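Structure first, then comments.
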Number of protein chains: 2
Amino acid sequence: MGGRREEILEVALAIADERGLDGVSMRAVAERVGVTPMALYRHVGGKAELLDAMVGHLLAALLPPDRDRQETQRWDERLAALARAVRTMVRRHPWAAPLLFSRPAVTPDAVRTVDVIYDALIEAGVPDREVPRLERLLSTFVIGFAASEVSGRFTSGDPDPRGHRGSLPEGDFPAHARLKPWLRLPDDLATEFEADLDDVLRLIEAAAGRR
Amino acid sequence: MGGRREEILEVALAIADERGLDGVSMRAVAERVGVTPMALYRHVGGKAELLDAMVGHLLAALLPPDRDRQETQRWDERLAALARAVRTMVRRHPWAAPLLFSRPAVTPDAVRTVDVIYDALIEAGVPDREVPRLERLLSTFVIGFAASEVSGRFTSGDPDPRGHRGSLPEGDFPAHARLKPWLRLPDDLATEFEADLDDVLRLIEAAAGRR
DNA sequence: ACCTGAACACCGTTCAAGT
DNA sequence: ACCTGAACACCGTTCAAGT
């Protein structure tokens with residue numbers, strides 16, 4: 001077992017972690033495997049399929065292997081644990097962030113993850129009709145937060161960048177002026193993530209209450 | 001006025017709309033402008049700066065030009081209108097979705113948009129301390145929803161794709177089996193977006209109530 | 001000031017050929 | 001079955017040179 005395909009996948013993951021997504025070229029992977037670029041096409045269809053397989057590999061490691069542990073936690077604890085696992089995964093492998101937005105969850109591992117979320121939402125009392133929508137709302141937020149964090153979207157919303165012609169005219173942004181004491185982004189976003197998660201889980205509770 | 005830089009920007013936007021983000025190469029833009037690729041570097045620093053300018057152009061068109069209109073709407077109406085404008089923009093220019101996650105809002109237009117959101121959140125009664133966090137929560141959701149929609153992440157979460165070796169074993173996904181009647185994604189996601197928006201605005205109201 | 005030509009160091013992928 | 005070599009049609013960017 002093992003085989004060339006697994007070797008190619010592991011090499012691609014290693015390069016992505018070291019040099020980012022742009023570092024993952026068919027030529028770079030081939031060189032590390034010790035083979036000509038063309039030899040890869042026997043085992044992986046093409047670059048798009050390779051990237052899909054890389055994301056699939058991360059998603060497969062998202063759920064704990066033991067199914068029993070799930071029963072011992074409340075629905076909101078299970079969802080929070082999964083959300084934290086996604087954030088940790090993206091922080092560890094920032095190259096995965098853009099890819100998570102581009103492909104639907106169709107691999108068995110991805111569907112299993114969605115099934116776990118569905119199960120928690122049902123246990124929360126969300127009406128069946130609303131479960132898929134709230135799963136998409138939750139996962140959109142979690143992936144979006146993690147992607148924003150690692151890509152730098154959250155850094156420096158303060159209208160005083162090092163940029164261009166001095167700082168921006170502060171008078172034009174009254175709300176920014178008023179909020180000045182609160183505009184500095186915390187170094188670690190874990191606390192903000194927890195607060196957001198709490199709010200979103202309350203949102204789910206409220207939706208369950210309307211059933 | 002006008003000038004080469006504006007011309008380059010307009011050509012780049014046109015190519016992105018026609019052929020997607022991958023179609024926007026310095027060489028393709030230069031050819032359409034009628035000039036050598038190197039000539040672009042006098043006016044736009046490089047490709048990264050060109051992409052930033054393209055996103056900036058879209059953001060500049062996001063807010064209505066008349067400032068008065070804002071005062072006539074309630075805070076939640078203003079946030080909903082802005083959220084719908086972002087979704088419309090991304091649906092019209094899908095190439096912008098990945099870029100919205102990668103750069104912080106530092107241009108004057110982007111900061112003005114954030115200021116409008118801050119103002120609405122303050123009017124909603126959100127404590128000053130919490131305003132920046134809820135702005136990030138709201139914008140993360142809105143951009144994430146739009147990005148998911150145009151990139152195909154929302155399509156076919158049903159574990160029965162046309163894929164690979166038949167369909168996935170349904171017995172392994174009990175929640176999917178139970179929710180089968182509700183798993184088909186609606187053709188138009190506008191209704192889902194409105195429901196999500198409603199939930200997120202209630203979340204904001206709840207945060208305001210805790211002040 | 002603005003543009004060109006040639007070059008460097010890359011891409012993904014096809015195709016025919018080798019063993 | 002698995003791999004190679006050469007080629008095609010591309011990239012972004014630097015640098016020296018032209019007007």
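Quick caveat, the model's predicted, so the values are computed rather than measured. A note on names: the letters A, B, ... follow the listed sequences, proteins ahead of strands, and every chain is numbered from 1. All values below were derived from every heavy atom in this structure, side-chain atoms included, with hydrogens, water molecules and symmetry-related copies excluded.
Salt bridge annotation for A/R78-A/D119: present, with a cationic side-chain nitrogen under 4.0 angstrom from a carboxylate oxygen.
For the P atoms, the distance from C/dC10 to D/dA9 is 22 Å, rounded to whole Å.
The main-chain N or O of A/L179 is never found under 3.5 Å from a side-chain atom of B/D128 such that the two would form a donor-acceptor pair.
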With the sugar-phosphate defined as primed atoms, P, OP1 and OP2, and the base as all remaining atoms, what B/S/- string results for nucleotides 7-18 of chain D, 5' to 3', for protein heavy atoms under 4.0 Å?
B---BBBB----

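With a cut-off of 3.5 Å on both pairing distances, the Watson-Crick or G-U wobble partner of C/dC15 is D/dG5.
Side-chain atoms of B/R112 and B/T107 form no donor-acceptor pair, as typed in the model, at a separation below 3.5 Å.
Aromatic ring centres of A/F173 and B/Y118 lie farther apart than the 6.0 Å criterion allows. A ring-centre distance under 6.0 Å is found for B/F101 and A/F101.
Within the structure, every side-chain polar atom (N or O) of A/H43 is placed at least 4.0 Å from both OP1 and OP2 of D/dA1. The phosphate of C/dA1 (OP1 or OP2) has no side-chain N or O of B/R4 nearer than 4.0 angstrom.
In this structure, A/R84 fails the cation-pi test against A/F193, since its NZ or CZ atom is not both closer than 6.0 Å to the six-membered ring centre and inside 45 degrees of the ring normal.
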